[in-house]
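Atoms considered below: every heavy atom in the structure, side chains included; atoms not considered: hydrogens, waters and symmetry mates. In the text below, chain A, chain B and the rest are named by the order of the sequence lines, each starting its count at 1.
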Amino acid sequence: MKVSNFPIFTQKDVPSEAEITSHQLMIKSGMIRKLSSGQYSWLPIGLRVIQKIEKIIREELNNIGCAEILMPSVQPAELWKESGRWDEYGPELLRFKDRHEREFCLGPTFEEVITDLIRKDVSSYKQLPMNLFQISSKFRDEIRPRFGVMRAREFIMKDAYSFHETQDCLDNTYEIYKSAYQKIFKRLMLDYTIVDADSGNIGGNESNEFHVIAETGEDDLLLDNKCNGMNLEIAKIKYSEDSLESIIKKTGLTHKKGIEVGHIFKLGQKYSEKMKAKITTKDSKSINMFMGCYGIGITRIVAAAIEQSHDSNGIIWPKSISPFEAVIIEIDGHKNKEVRSHSNEVYSLLKNSKKNIIHDDRNANFGNKMKDWELIGIPHMIIIGNNEAKNKTITYRARTENTKFEIKVEEIVSKLN
RNA sequence: CGGGGUGUAGCGCAGCUUGGUAGCGCGGCUGGUUUGGGACCAGUAGGUCGUAGGUUCGAAUCCUAUCACCCCGACCA
């Protein structure tokens with residue numbers, strides 16, 4: 001990619017409404033723009049980060065035998081009335097009517113739709129277990145959207161669902177997802193912790209949350225010295241205390257703030273009972289399927305990763321989700337033919353080595369370009385000016401270090417690995 | 001929904017108390033000199049002051065209503 005064809009939208013000042021670092025940096029670095037409260041457009045740089053995260057999630061879910069599907073966000077009220085959640089879910093469910101006065105909602109989660117899908121096509125234990133996931137926009141009419149994409153009214157979530165003949169099978173699968181999630185968050189290079197959680201609105205009997213520990217997190221966690229623990233709701237019940245302070249006093253657990261980026265649930269038969277999702281077992285009995293569901297907040301991960309990794313110059317992307325692996329910053333390339341052709345050669349070389357590269361071919365000051373790419377947070381910077389063009393070298397600088405050094409062109413590829 | 005706050009150029013803000021020609025910085029555009037860490041000079045465009053009503057000879061400024069946005073809380077992934 002060249003900046004001439006891949007617009008970047010960095011800006012110096014940031015709207016005063018952006019309070020937390022990740023929100024400010026996402027606006028400054030040109031990842032997002034606000035449409036209205038809790039709703040954001042994703043610009044090229046931001047969308048690439050989302051796509052990197054999605055790729056990792058897809059790979060790890062495919063690895064555990066989970067197949068991708070896509071379901072409609074507009075969902076008929078009948079399904080939600082069948083599950084009982086049309087009334088239970090409350091005002092957070094964004095509802096509307098079509099021209100025929102039929103009631104619909106925009107899906108905040110997809111248990112109803114997928115249960116309906118599966119009950120129509122699955123009728124035998126031989127078809128189970130079955131694992132399906134989708135990546136799509138979810139809608140929640142939040143009381144108070146805040147912190148940019150951290151708590152948005154429209155956001156991208158991965159939701160997976162599993163279907164089983166027995167509780168045992170669900171239990172096994174739940175553990176498989178749990179370890180797949182650990183692989184995913186490790187590859188995303190997030191500093192996370194797993195806690196016991198309340199299953200809330202989704203329902204079921206066992207659940208775990210995956211949190212990125214961050215000051216700006218909205219959730220209260222209680223952790224032991226091995227970082228195992230639970231969220232506040234569970235702790236209140238478990239220790240029969242009603243305040244954070246009294247629980248800390250009673251248990252000696254450490255209080256941390258967390259950003260919830262993943263949540264897995266054992267739903268059991270909650271939905272299959274209400275929605276009559278039945279299969280026939282080996283001995284010809286008709287039973288309700290056992291279900292699990294597994295979510296990851298993709299757009300929230302973007303913000304959480306920034307909260308966790310930045311400095312005064314901007315974002316520092318983990319290599320695995322950086323929008324580009326490296327940036328070629330050319331100096332004076334629009335005027336100096338040698339510089340332009342040398343940077344084009346380096347660009348082709350890296351492209352042929354399957355590297356994701358952005359080539360900054362703008363007519364702009366060196367300082368401007370450096371500031372932009374430090375703000376955007378690309379891990380590797382390759383500087384090409386008159387000297388490098390003459391010597392057939394490049395000057396390398398890592399995002400996290402202040403020193404630059406000149407290296408031969410042949411050394412670049414290994415430098416980036 | 002309760003409490004607090006803000007709406008003036010793309011962004012950051014001043015002007016409002018005490019009504020009388022709508023300003024500053026950054027950014028944009030044109031021309032030129034620059035380009036190895038957010039350059040400089042000259043010129044230029046851009047605002048029905050959130051919206052509607054009222055008071056007044058006259059409203060960004062005073063009054064009323066309304067909308068949007070932000071923060072704290074309740075709630076929630």
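Which of B:rG37, B:rC71, B:rG36 sits closest to the side chain of A:Met370 comes down to B:rG37. The side chain of A:Ser37 lies closest to B:rC69 when the candidates are B:rC72, B:rG38, B:rC69. Taking every side-chain heavy atom of A:Arg146 into account, B:rG73 is the closest of B:rG38, B:rA77, B:rG73. Comparing B:rG37, B:rA77, B:rC71 against the side chain of A:Glu209 picks out B:rA77 as the nearest. For A:Arg151, the side-chain atoms get nearest to B:rA77 when compared with the rest of B:rA77, B:rC1, B:rC71.
Counting any heavy atom pair closer than 4.0 Å across all strands shown, A:His23 reaches no nucleic acid atom. A:Glu17 comes within 4.0 angstrom of sugar-phosphate atoms only, judged by non-hydrogen atoms across all strands, and of no base. Within the nucleic acid shown, A:Lys335 comes within 4.0 Å of at least one base atom, counting heavy atoms only. Across all strands shown, A:Lys369 has no heavy atoms under 4.0 Å from either base or sugar-phosphate atoms. Contacts of A:Ala364 with the nucleic acid, taken as non-hydrogen atoms under 4.0 Å apart, include base atoms.
You can call A:Phe155 stacked on the base of B:rA77; the centres are under 5.5 Å apart and the planes sit within 30°.
Of all the residues in residues 296-323 of chain A, A:Arg300 reach under 4.0 Å from RNA chain B with at least one non-hydrogen atom.
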